[in-house]
Participant: 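There's a structure below that I have some questions on.
In the text below, chain A, chain B and the rest are named by the order of the sequence lines, each starting its count at 1. What you see is a predicted model, and the numbers here were worked out from it, not measured in a lab.
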Amino acid sequence: MPELPEVETIRRDLLSRVVGRAFSRVRVLPGAERIVRWPSPAEFARTLPGRRIEDVSRRGKYLLFRLSDGRYLIVHLRMTGAILHRPKDAPDDPYLRICFSLDDSSELRYTDVRKLGSVWLVEEPEAIVGKLGPDALEGVTPQTLRSLIEGRSASIKAVLMDQRALAGLGNIYSEEALFLAGIHPRRLAKSLAVGELRRLGEAIREVLLEAMGHRGSSFRDYVDAEGREGQHQRHVKVYRRTGEPCYGCGTPIERIKVSGRSTHFCPRCQR
DNA sequence: CTTATTCCCTGATTGC
DNA sequence: TGCAATCAGGGAATAA
């Protein structure tokens, strides 16, 4: 499940590998048409060849390729998407959905078991990422956190996962940040005190930086641009640790539902 | 404006 | 052991 640390790991991998390269051929494989959200799959595949990749950036969980004609190729991996950079004669990758051939005999291969991911080719990236809140890796001050929770009656976990409030956190890292800050995921967001908001902001930053240091978490499908797994799944404190002892106090980690998502927490350390 | 629910999609896991 | 039901979950769409 690529969240901010996984997408950022891929971005950094791709920077050195594809910036300066041009697309030579683009194929949307049969059955994968739905992944191409804009324009039509045929126009998408026809327009990209000849365009050079000038930069790779990230907003929340979105990857943005700035192209030489000023347009942007935008990719969202959702649950099971991956972007692999391979030599063109490398063995086939399973679940290949879109193949971007580059002008140096390499390929960007978009693979996606469940076909839930999305790609766009647009002139104006704000049309896609404009609704996102501030990036979770930057600008998470107590003041911004306070502005996020104002006028909302949702739980703090729901707010952290709301990409229009804060962009980049999903289930894994919102749970980990709340554990680190000692905050119960069902707490009403607006009930948090200033000190708790400050701790939460620090926890978000710490969790994301540590996960990026481990090149992301590979619980199921996530791999980086070279097809390698991350290591942070070995370091999570609560995510998918139902029944296992809390590293802080030994109490078994519990699993509950919060705003429709399974949620893990320590009932003793997070009140 | 808000929050809650459904849907997408298929491999892995669970339950009988 | 076998097979069907359930689960996983980001975000869009829809309902309330």
Side-chain angles (χ1 to χ4, degrees), chain A residues 1-8 10 28-38 41 58-64 74-83 93-98 110-120 122 125-133 135-136 147-178 185-191 208 211 216-223 229-230 232-233 236 238-243 253-265:
Chain A
M1 298 126 237
E3 302 180 22
L4 187 152
E6 290 77 28
V7 178
E8 179 65 15
I10 294 171
V28 179
L29 277 75
E33 293 84 1
R34 249 182 51 89
I35 293 170
V36 181
R37 303 293 288 267
W38 187 265
R58 180 189 58 76
R59 285 281 299 278
K61 304 174 193 174
Y62 293 76
L63 261 185
L64 295 86
I74 302 180
V75 178
H76 196 300
L77 303 170
R78 304 243 206 257
M79 300 297 303
T80 57
I83 297 180
D93 287 293
Y95 307 107
L96 179 67
R97 306 304 183 187
I98 305 174
Y110 178 84
T111 66
D112 192 342
V113 173
R114 281 175 261 189
K115 295 190 275 191
L116 294 176
S118 303
V119 303
W120 301 260
V122 295
E126 290 305 308
I128 308 300
V129 298
K131 289 178 182 170
L132 295 176
D135 195 88
S147 69
L148 302 186
I149 64 181
E150 259 173 30
R152 301 193 54 160
S153 62
S155 68
I156 183 60
K157 185 175 183 231
V159 174
L160 291 183
M161 290 182 61
D162 182 347
Q163 303 301 301
R164 293 163 304 182
L166 190 63
L169 298 185
N171 221 27
I172 299 172
Y173 299 109
S174 58
E175 290 186 4
E176 293 296 311
L178 286 168
R186 277 205 179 121
R187 280 277 302 281
L188 209 55
K190 61 187 174 193
S191 76
L208 293 177
S217 302
S218 294
F219 283 97
R220 186 103 117 198
D221 300 283
Y222 167 72
V223 289
E229 294 187 345
H232 190 68
Q233 69 280 6
V236 294
V238 288
Y239 182 75
R240 286 206 191 176
R241 294 195 63 242
T242 312
I253 299 301
E254 287 185 12
R255 188 172 95 156
I256 57 175
K257 288 270 183 195
V258 179
S259 63
R261 297 292 185 216
S262 77
T263 300
H264 308 78
F265 74 108

Participant: Check the distance between C:dG11's P and A:R59's CZ and give it to me in whole angstrom.
Facilitator: 13 Å

Participant: Is there a side-chain contact between A:E254 and A:T242, using heavy atoms and a 4.5 Å cut-off?
Facilitator: no

Participant: Calculate the interatomic distance between A:R34 atom CZ and C:dA12 atom P; express it in whole Å.
Facilitator: 13 Å

Participant: Identify the pairs formed between an N or O of the protein and an N or O of nucleotides 13-16 of chain C at a distance under 3.5 Å, and give each distance.
Facilitator:
none

Participant: Specify the separation, in whole Å, of atom CG of A:L132 and atom C1' of C:dG10.
Facilitator: 12 Å

Participant: On DNA chain B, compare the nucleotides closest to A:R261 and A:A154; which residue's is nearer the 5' end?
Facilitator: A:A154

Participant: Between C:dG10, B:dC8, C:dA8, which nucleotide has the shortest distance from any of its atoms to the side chain of A:S262?
Facilitator: C:dA8

Participant: In whole angstrom, what separates A:I172's CD1 from C:dG10's C1'?
Facilitator: 12 Å

Participant: Closest approach to the side chain of A:R255, judged atom by atom: which nucleotide of C:dG10, B:dT10, C:dA8 is it?
Facilitator: C:dA8

Participant: Quick one: A:L169 CG to C:dG10 P, roughly how many Å, whole number?
Facilitator: 10 Å

Participant: Quick check on B:dT3: is either OP1 or OP2 less than 4.0 Å from any side-chain nitrogen or oxygen of A:R152?
Facilitator: yes

Participant: A:R240 has a side chain; which of C:dA8, C:dG11, B:dG11 sits nearest to it?
Facilitator: C:dA8

Participant: Given atom CD of A:Q163 and atom P of C:dA12, what is their separation to the nearest angstrom?
Facilitator: 9 Å

Participant: A side-chain contact here means heavy atoms from C-beta on lying under 4.5 Å apart; do A:M79 and A:D221 qualify?
Facilitator: no

Participant: Where is the tightest heavy-atom contact between A:R59 and A:E126, given as atom of each residue plus distance?
Facilitator: NH1-OE2, 3.3 Å

Participant: Does the side chain of A:Y62 reach to within under 4.5 Å of the side chain of A:L132, using non-hydrogen atoms?
Facilitator: yes

Participant: Could you please name the option among C:dA8, B:dG11, B:dC9 that lies closest to any side-chain atom of A:L116?
Facilitator: B:dC9

Participant: Base, sugar-phosphate, or nothing for A:T80, non-hydrogen atoms under 4.0 angstrom?
Facilitator: nothing

Participant: Kindly say whether the aromatic ring centers of A:Y173 and A:Y239 come within a distance under 6.0 Å.
Facilitator: no

Participant: When you measure from the side chain of A:R78, which nucleotide among C:dG11, B:dC8, C:dA8 comes out closest?
Facilitator: C:dG11

Participant: Locate the shortest heavy-atom distance separating A:K157 from A:V258; write the atom from each residue and the value.
Facilitator: CB-CG1, 4.2 Å

Participant: Does B:dT2 have its OP1 or OP2 closer than 4.0 Å to a side-chain nitrogen or oxygen of A:K190?
Facilitator: no

Participant: Would you mind telling me which of C:dG10, C:dA12, B:dT3 lies closest to the side-chain atoms of A:M161?
Facilitator: C:dG10

Participant: Have a look at A:K131 and say if it touches a base, only the backbone sugar-phosphate, or nothing, with a 4.0 Å heavy-atom cut-off.
Facilitator: nothing

Participant: What nucleotide among B:dT3, C:dG10, C:dA8 has an atom nearest to a side-chain atom of A:N171?
Facilitator: C:dG10

Participant: Would you mind classifying the nucleic acid contact of A:Y239 as base, sugar-phosphate or nothing, using non-hydrogen atoms under 4.0 angstrom?
Facilitator: sugar-phosphate

Participant: Which heavy atom of A:L77 sits nearest to which heavy atom of A:A82, and what is that distance?
Facilitator: CD2-N, 3.8 Å

Participant: Could you check whether any side-chain heavy atom of A:E3 comes within less than 4.5 Å of a side-chain heavy atom of A:V7, counting everything from C-beta outward?
Facilitator: no

Participant: Roughly, in whole Å, what's the span from NZ in A:K157 to P in C:dG10?
Facilitator: 8 Å

Participant: State, yes or no, whether a side-chain contact exists between A:S155 and A:R187 at a heavy-atom distance under 4.5 Å.
Facilitator: no

Participant: NA contact type, A:S118, heavy-atom cut-off 4.0 Å: base, sugar-phosphate, or nothing?
Facilitator: nothing

Participant: For B:dT10, does either OP1 or OP2 sit under 4.0 Å from a side-chain N or O belonging to A:Y95?
Facilitator: no

Participant: C:dA8 C1' sits how many Å from A:H264 NE2, rounded?
Facilitator: 11 Å

Participant: Just N and O in the side chain of A:K61: are any of them under 4.0 Å from OP1 or OP2 of C:dG11?
Facilitator: yes

Participant: Looking only at side-chain N and O atoms, does A:H76 come under 4.0 Å of OP1 or OP2 in C:dG10?
Facilitator: no

